[in-house]
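We use all heavy atoms of the structure for the numbers below, so side chains are in, but hydrogens, waters and symmetry mates are not. Lettering of chains follows the sequences in order, A, B, ..., and the numbering in each one begins at 1.
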Amino acid sequence: MREITYAQASLEAFAEEMRRDPKVFHMSTDAPQPLVKEFGPTRVRATPIAESALTGMAIGAAGSGYRPIVDWRMVTFCFVAMDQIVNQAAKIHYMFGGQAKFPILYRASVGGGTRLAAQHSQSPYSMFMNLAGLKMILPSTPYDLKGLLKSAIRDDNPVIAFEATRLFGTKGMVPEEDYTLPLGKADIKREGKDITIVALAWAVHESLAAAEALAAEGISVEVIDPRTLVPMDVATIRASVRKTGRLLVADEAGPTCGAAAEISALATEDPATFACLRGPVKRLCGLQVPIPYSPGMEDFVFPDRQKIAAAVRELVRPKS
Amino acid sequence: MREITYAQASLEAFAEEMRRDPKVFHMSTDAPQPLVKEFGPTRVRATPIAESALTGMAIGAAGSGYRPIVDWRMVTFCFVAMDQIVNQAAKIHYMFGGQAKFPILYRASVGGGTRLAAQHSQSPYSMFMNLAGLKMILPSTPYDLKGLLKSAIRDDNPVIAFEATRLFGTKGMVPEEDYTLPLGKADIKREGKDITIVALAWAVHESLAAAEALAAEGISVEVIDPRTLVPMDVATIRASVRKTGRLLVADEAGPTCGAAAEISALATEDPATFACLRGPVKRLCGLQVPIPYSPGMEDFVFPDRQKIAAAVRELVRPKS
Amino acid sequence: MQPSPERQREMLRQMQTIRRFEERASDDYHGGAIYGVVHCYIGEEAVAVGVCSTLNRDDQIISTHRGHGHCIAKGADLNRMMAELYGRETGYCKGKGGSMHIADFGIGMLGANGIVAGGIAIVTGAGLAAQLDGKGRVAVSFFGDGASNAGPFHESLNIAAAWKLPVIFVCENNLYAAQTSAAETHAQEDIAARAHGYGIPGVIVDGNDVLAVHGAAAKAVARARAGEGPTLIECKTYRWRRHTERVNQPDFRPEHEIEVWLKKDPIARLVAHLKSQQGQLTDAEWQEMDRQVLRGIEEAVGFAKSSPFPKPEAALEDVFAS
Amino acid sequence: MQPSPERQREMLRQMQTIRRFEERASDDYHGGAIYGVVHCYIGEEAVAVGVCSTLNRDDQIISTHRGHGHCIAKGADLNRMMAELYGRETGYCKGKGGSMHIADFGIGMLGANGIVAGGIAIVTGAGLAAQLDGKGRVAVSFFGDGASNAGPFHESLNIAAAWKLPVIFVCENNLYAAQTSAAETHAQEDIAARAHGYGIPGVIVDGNDVLAVHGAAAKAVARARAGEGPTLIECKTYRWRRHTERVNQPDFRPEHEIEVWLKKDPIARLVAHLKSQQGQLTDAEWQEMDRQVLRGIEEAVGFAKSSPFPKPEAALEDVFAS
Ligand SMILES: Cc1ncc(C[n+]2csc(CCOP(=O)(O)OP(=O)(O)O)c2C)c(N)n1
Ligand SMILES: Cc1ncc(C[n+]2csc(CCOP(=O)(O)OP(=O)(O)O)c2C)c(N)n1
Ligand SMILES: [Mg+2]
Ligand SMILES: [Mg+2]
């Protein structure tokens, strides 16, 4: 095991998979230098600013035997490519009756906290979850990220890897040797018995910090990190809620039709889980606004450890 | 009052608002003939197939004093314009500090049942609901459609009008005289006391049919049509659920991060509403798959009156 | 180089197959056995056949909403095509796609596509794969005059040019995008002129002359195989039928314009050409060819009709590859 | 027609204002008082100033991520600009936008934009509004060489050409898109060549010569006002600093290339030109001008610093217009 950053974890995953499989190649508007150095500009391509074309080209290359990685960079740049995502990548395997495989990794950074204002501070994963035909990961640690990215590259479907900008510099232990983590398996980041927090990406760390503080107050918090958004590990989430009887979903994305709404609905629509609920299911999300630039306003928008702890207290010991 | 179709209701709304306000003009890849005849090709423009440009041009024209209507036609054609929707139309008022207004109506037909396969059978409204800064309507009757469209055209924000393809030929009574309906006001389409169905568009009609059948079995169903997706009339929905103690959300869109997930979460996160719930909140949605072409498969995907009735029975009188 | 007389007769047979296939498909659409939508290619057969006659089986093409012609020209199986239109399990897409989404990756047909300009980038990616493979394969994008106004056309042309990808961009300029005339939406009549901005050849060809199309395509294909990069070929042509069979949308095309183009029938033209050249086609041979073509269509319909519909639950399959 | 000596001195003052504003903005960015990101326009000042010097107040422009120069050239208030960078309530966007989103609709500045090519269609719509108004207004789109490879550029050019909209498309070709060189992404060096495909003029101009830019823009503006449609102007220029101040991303631009371009300083060039013409600018006048410019920047910083931050809850305002 060694300690590496979240950002390094991706680079390592890409490099290892490119070494392993000559069919893997990489395209983005700025080519990552370490990869260019190792694999050359034919396999690590700097492209025109034409994300729509890149996204589509990956489909054609995948359907012709390659395993492209397209780095959209910030998620906001993929909206120019949305038709290729929605109408082609997500549907092409299905609408052609499964006759060809499209192993593609799309990659995008998500999240705010960077003072980059509305266009460059987005967490729109639920827009993609709404589509059928795409897998999606959103890991919170270098270990999870690397292991899931490697699985994603080996998967025979289009997978979107969302990576949290806020976590790029965070560190974690990662094995020296090759390993993968299965898509669709949640990780219980902390066990507890009074309430379940299902948290995504940065909110995992904020929730763990909140849990620590709450432990001192005698509140035992279970923190679950789905890690994969599609397929969602609903079994692990429901089992936890059945155990604790309470659910808070923490996510920096806006709540409306968000991943948090989905997780909430997955819990409350299951009769057995519903029967165990001891109180309302709360979403603690970013506010439903575009993200503002000025630090005071931006910080106001996002759920942090204090807000998470406050929400837990309110759920566990409601005032009224 | 006269009886007109859902399709006529839109055309009437557009014609009336264009008569009323010379700043309203219309762009789409095929110009609607009745409007061209009345207003000429300068105000009713046939455009190149460049929805991204049209969507953006509407923003520039709106910021310069006009009130454009852009008909994307089928919603699937707007994904090529997604950047202009997500990064420009939704955010531009906010990120410029509110200094200019952008009164725009975007229009798109949604839904399946037409044997047009995956690309042309989509109901992706929740992808847009996830964004902050856009209003959205999804009416189920000619009366609601016309009244809401007129409000949408007069609104000083970008509004997306989703219209259900399945309903184009359905008829309903509409006043002769000018009228509008407020954005953000749900309509209780049928009162009942055992269960609330919140239904969208075509599912409203299927739910009403199911309610009729269930009445004969002694089950009293309340059917609520939000009509507007953003802002959502959560007060009306919660009040109904507090009254009936049960909630089914019926929508032909796929469930994952859908409007149904949002409505479910809005109900269960409110402590007062949660306290009144007598059972799990169910989403009855289209299956989470791209829509297939062949009729038997396509019909299998969507919730219809029989499936709605069955779901209600299961919620009201659970087997176990 | 002109194709051999045999090859020309084969091209004629393909063009006639496209026409007969679509005549039948639209009849059966109006009769209710085919669902959704059908866009007919009739009148434009020379483009698909002229281009595909220069390709190998492992070369790849991508098509549009108007895809039957490209499928047939690339060698697709009529039975599986018709079965797909009929929504049957034996169809190319197991009944999941219908007319707008027929694909056969086995013969390098990467699919019809319901989004205007939606396929251009995809096939450009196939061209990149071909370049990476280094085996001299080429990739062909078919698209309409309407598509040439959409961003993805531009992005793909530019990348293909910058990377010298072996891609041939074939614009089927039939003068209309649905109800809207190209004259209203293009400041510049010739779409081929757009090639100039990317430093690649832009060629205009009579799209109703299959031999002319073949010639232009052969040149572009040779260029692409030689690693010299893409070509934009604009084929001037015309569709005979309405934009779609689906609804009676208004057809604003002037009567006389339609008449002029009907006279330029690409099939009659090749027939006349072959007949005019001593012994290459007789009336009897042509009639026999047509009969054979019709028999093939009849067989395809029979195959479709006798195939089962997919089980409704099959809707749940193929969301993901496993 | 050459601008008058006074006008030229005013242009010089604007160019120097842009440069001094950004020198300060990047200092304060690195000092921590400005957040997020700052993209400097230094080296390219002649483009914004040359173009905007041909415009009226009610003409409209749209900008890119590299927007300060366009704002200043169109007449934006330095105080409100700096306050926006400082994230203050008195900023142009009440602290909601920052460097990438300064707009002033009151002076026809429709905004900087963080999405490459994201503004081109918007300002084309402003051009449509101008055409509908019929008052002879024009609209100008500024964008980079990188943006010229994105679909929206193509779609907008085509529509503007087809509808003869009064839009001037100004490509700031600074040879790089972030770390990627235009030579890698354009098969054809001259972006102006793309105009040909739309049947509109495509003009190449030395983007470091403000008078040349002014001349080309004046011609395009006159054409647009006369109802003759759009022009594409490509300004060859260069940025002096890295792509952004944000991170130390690698800068792959060769030293000697940078040196060559530093020598082409557009400001020094205009100063020399004015000096060389008897009496139009003396050293003392130029020093005084610079002092005045610096004073203006100092004032703007003072204004920003003394302005309050917005209340956190202000984040909830302005989602919708009421
Ligand atoms: C992005 C998009 N916009 C609109 C449509 C609707 N539509 C289908 S075909 C068509 C016309 C296409 O014209 P062209 O590219 O010239 O092809 P043709 O039909 O003439 O063969 C349109 C507008 C679509 N499928 N995709
Ligand atoms: C659609 C999109 N893709 C990628 C980016 C990231 N990005 C920001 S600026 C830039 C380079 C732009 O180059 P160019 O258009 O030449 O403008 P310049 O920075 O040289 O002024 C890139 C790739 C973006 N903002 N938008
Ligand atoms: Mg056409
Ligand atoms: Mg540049």
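Among B:Pro292, B:Pro280, B:Ala132, B:Ala275, the residue making the largest number of heavy-atom pairs under 4.5 Å with chain A is B:Pro280. Most heavy-atom pairs under 4.5 Å with chain A, from the set B:Gly133, B:Pro124, B:Gly279, B:Pro271: that is B:Gly279. Contact tally against chain B (heavy-atom pairs below 4.5 Å) for A:His120, A:Lys282, A:Met129, A:Arg283: the top residue is A:Arg283.
Every residue meeting the salt bridge (charged side-chain N to carboxylate O under 4.0 Å, His left out) condition with A:Lys243, not counting sequence neighbours, appears here in chain and number order: A:Glu222.
Within the 4.5 angstrom heavy-atom criterion, no atom of B:Ser52 approaches chain A.
Interface residues of residues 72-102 of chain A toward chain B, defined by a heavy-atom distance below 4.5 Å and sorted by number: A:Thr76, A:Phe79, A:Val80, A:Met82, A:Asp83, A:Val86, A:Asn87, A:Gln88, A:Ala90, A:Lys91, A:Tyr94, A:Met95. Near-neighbour residues of residues 109-119 of chain A relative to chain B, defined by a heavy atom under 4.5 Å from a heavy atom of that chain, comprise A:Ala118, A:Gln119. Taking non-hydrogen atoms and a 4.5 Å limit, the residue list of residues 250-268 of chain B in contact with chain A, ordered by number, reads B:Gly254, B:Pro255, B:Thr256, B:Cys257, B:Gly258, B:Ala259, B:Ala261, B:Glu262, B:Ser264, B:Ala265, B:Leu266, B:Thr268.
To the nearest 0.5 Å, atoms CG (B:Leu131) and CD (A:Gln122) are separated by 7.5 Å.
Checking side-chain atoms of B:Gln288 against main-chain N and O of A:Asn130 turns up a donor-acceptor pair under 3.5 Å.
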